[in-house]
Amino acid sequence: MHILILGGTGEARRLAGLLHDTLHDTEGPAVRVTSSLAGRVAEPRLPPGEVRVGGFGGSEGLARWLRTHQVDALIDATHPFARTISFNAAHAATAAHVPLLALRRPGWAPGEGDRWHPADSLDEAAALLPALGRRVFLTTGRMGLAAFAGLDALWFLMRSVDAPEPPYPARMEVLLDRGPFTLEGEREVLRTHRIDVLVTKDSGGAATAPKLTAAREAGIPVVVVRRPPVPDGVSVAATPEEAAAWVGHWVGQLSG
């Protein structure tokens, strides 16, 4: 059985590790696992097992890859905001007649004392900022910075793994860093840079959640960009363990 994981997230790496460690029989691997990375990060953290890097050429290219490499099941474990690849995966799985599962960590929920301002897009988030603050901690990643490029009256601290490319805000400092982040570290970032508003995507997970706690403690408003929905009809697992159980089900179906 051949499983293709569309990865790049911590959950994808954990799932690949689970499958690599547990789905073996006495004669060797019962399941072949290939992880696919988009290639947008210069030095990605690689999962165990086979790895491919780069795009597929849209949904038709992905469907062709599934057929050519005899993939039996597809798992979309990409970032919750990787909308294009998720919809390409849904179309490709249908075209290639391959079962598809989306692995999505649960989103964040506001707690007591949070000052959250929801937005449906980066453009909407940018439109909210002038009324909320002047020194912005921008943690939405290096893609999509054009939405904030016209806000010349504001100053931005932009954090990402790799350096961004223009267009981006004229008054911007770049902080190159990779999570997981600590609460004390996030408190220090807010203090040092005199941040008065935070912008984030609702990525969920614990690795980047401390910034939300630090913002709550400091009374700082947070603009939270809502995540796009999973394509209609696609089953969803919340944890790598649930996804591994789903794979185990399909292994049983094929071997039975």
Side-chain angles (χ1 to χ4, degrees), residues 9 40-41 78-87 104-230:
T9 61
R40 291 179 177 175
V41 176
T78 57
H79 192 276
F81 282 82
R83 180 184 179 92
T84 299
I85 185 59
S86 292
F87 277 84
R104 291 289 184 273
R105 68 185 81 130
W108 293 315
E112 184 177 354
D114 281 323
R115 298 172 57 195
W116 284 18
H117 300 262
D120 288 324
S121 67
L122 292 177
D123 288 332
E124 188 174 317
L128 293 173
L129 288 179
L132 296 175
R134 288 291 179 269
R135 296 182 66 83
V136 183
F137 186 19
L138 191 58
T139 63
T140 55
R142 65 189 180 95
M143 311 298 289
L145 294 180
F148 305 92
L151 299 175
D152 295 338
L154 307 185
W155 180 89
F156 291 84
L157 175 66
M158 196 285 297
R159 181 168 67 192
S160 66
V161 176
D162 294 317
E165 297 180 356
Y168 45 66
R171 302 175 62 208
M172 185 178 78
E173 180 177 332
V174 177
L175 176 60
L176 297 181
D177 203 355
R178 187 200 300 260
F181 302 104
T182 66
L183 178 56
E184 184 53 43
E186 299 295 60
R187 289 169 176 157
E188 184 63 26
V189 169
L190 298 185
R191 284 195 299 264
T192 301
H193 298 279
R194 296 179 288 116
I195 299 299
D196 57 16
V197 59
L198 167 67
V199 183
T200 185
K201 293 178 177 177
D202 181 17
S203 301
T208 59
K211 63 189 173 188
L212 301 174
T213 302
R216 182 191 311 131
E217 292 176 348
I220 292 173
V222 181
V223 178
V224 181
V225 182
R226 296 186 179 99
R227 60 174 63 179
V230 172

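This one's a predicted model, so the numbers in the text were calculated from it and none came from an experiment.
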Open item on the list: For a side-chain contact (heavy atoms from CB on, under 4.5 Å) check, start with the C-alpha distance between Lys201 and Leu122, then their side-chain angles and the critical distance, and finish with the verdict.
Closed with: CA-CA 9 Å; Lys201 293 178 177 177; Leu122 292 177; 4.3 Å; yes
Any heavy-atom pair between the side chains of [Y] and [X] that's under 4.5 Å?
{"X": "Pro164", "Y": "Val174", "result": "yes"}
{"X": "Ser160", "Y": "Met143", "result": "no"}
{"X": "Trp155", "Y": "His193", "result": "yes"}
{"X": "Pro229", "Y": "Arg83", "result": "yes"}
{"X": "Val189", "Y": "Phe181", "result": "no"}
{"X": "Leu212", "Y": "Trp116", "result": "yes"}
{"X": "Trp108", "Y": "Val222", "result": "no"}
{"X": "Asp196", "Y": "Arg134", "result": "yes"}

Identify the heavy atoms of [X] and [Y] that sit nearest to each other, and give their distance.
{"X": "Ser203", "Y": "Pro80", "result": "O-CG, 3.6 Å"}
{"X": "Val136", "Y": "Leu154", "result": "CG2-CD1, 4.2 Å"}
{"X": "Pro130", "Y": "Leu151", "result": "CG-CD2, 4.2 Å"}
{"X": "Ala163", "Y": "Arg142", "result": "O-CD, 3.7 Å"}
{"X": "Val199", "Y": "Ala125", "result": "CG1-CB, 4.3 Å"}

Would you check if the side chain of Arg171 reaches a backbone N or O of Ala153 as a donor-acceptor pair within less than 3.5 Å?
yes
Flag, side chain of Thr140 to backbone of Thr200, donor-acceptor distance under 3.5 Å =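 No, because the side chain of Thr140 does not come within donor-acceptor range (under 3.5 Å) of the backbone of Thr200.
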For this session: Under the side-chain contact (heavy atoms from CB on, under 4.5 Å) rule, what do Val197 and His117 come out as? Steps first, then yes or no, please.
Result: CA-CA 11 Å; Val197 59; His117 300 262; over 6 Å; no
Flag the pair Asp114 and Arg216 as a salt bridge only when some basic side-chain nitrogen lies within less than 4.0 angstrom of an acidic carboxylate oxygen.
->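 Yes, Asp114 and Arg216 are salt-bridged.
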* To do: Run the salt-bridge test on Arg159 and Glu186 with the 4.0 Å N-O cut-off and return the result as yes or no.
  =>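 Judged by the 4.0 Å cut-off on N to carboxylate O distance, Arg159 and Glu186 do form a salt bridge.
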Quick check for you: to the nearest 0.5 Å, what is the distance between [X] atom [atom1] and [Y] atom [atom2]?
{"X": "Leu176", "Y": "Met158", "atom1": "CG", "atom2": "CE", "result": "7.0 Å"}
{"X": "Thr192", "Y": "Leu157", "atom1": "OG1", "atom2": "CG", "result": "10.0 Å"}
{"X": "Arg226", "Y": "Asp202", "atom1": "CZ", "atom2": "CG", "result": "9.5 Å"}
{"X": "Ile220", "Y": "Leu190", "atom1": "CD1", "atom2": "CG", "result": "4.5 Å"}
{"X": "Leu175", "Y": "Thr139", "atom1": "CG", "atom2": "OG1", "result": "11.0 Å"}
{"X": "Arg187", "Y": "Thr213", "atom1": "CZ", "atom2": "OG1", "result": "8.5 Å"}

Would you kindly say whether Ser86 and Arg104 are connected by a side-chain donor-acceptor distance under 3.5 Å? yes
Would you say Glu184 has more than 12 foreign heavy atoms packed within less than 6.0 Å of its CD?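 Result for CD/Glu184: enclosed.
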Verdict with supporting geometry, Phe156 and Leu145, side-chain contact (heavy atoms from CB on, under 4.5 Å) = CA-CA 11 Å; Phe156 291 84; Leu145 294 180; over 6 Å; no
Report the C-alpha separation of Glu217 and Leu183 in whole Å, then their side-chain angles, then the decisive distance to 0.1 Å, and conclude whether the side-chain contact (heavy atoms from CB on, under 4.5 Å) test is met.
CA-CA 11 Å; Glu217 292 176 348; Leu183 178 56; 4.0 Å; yes
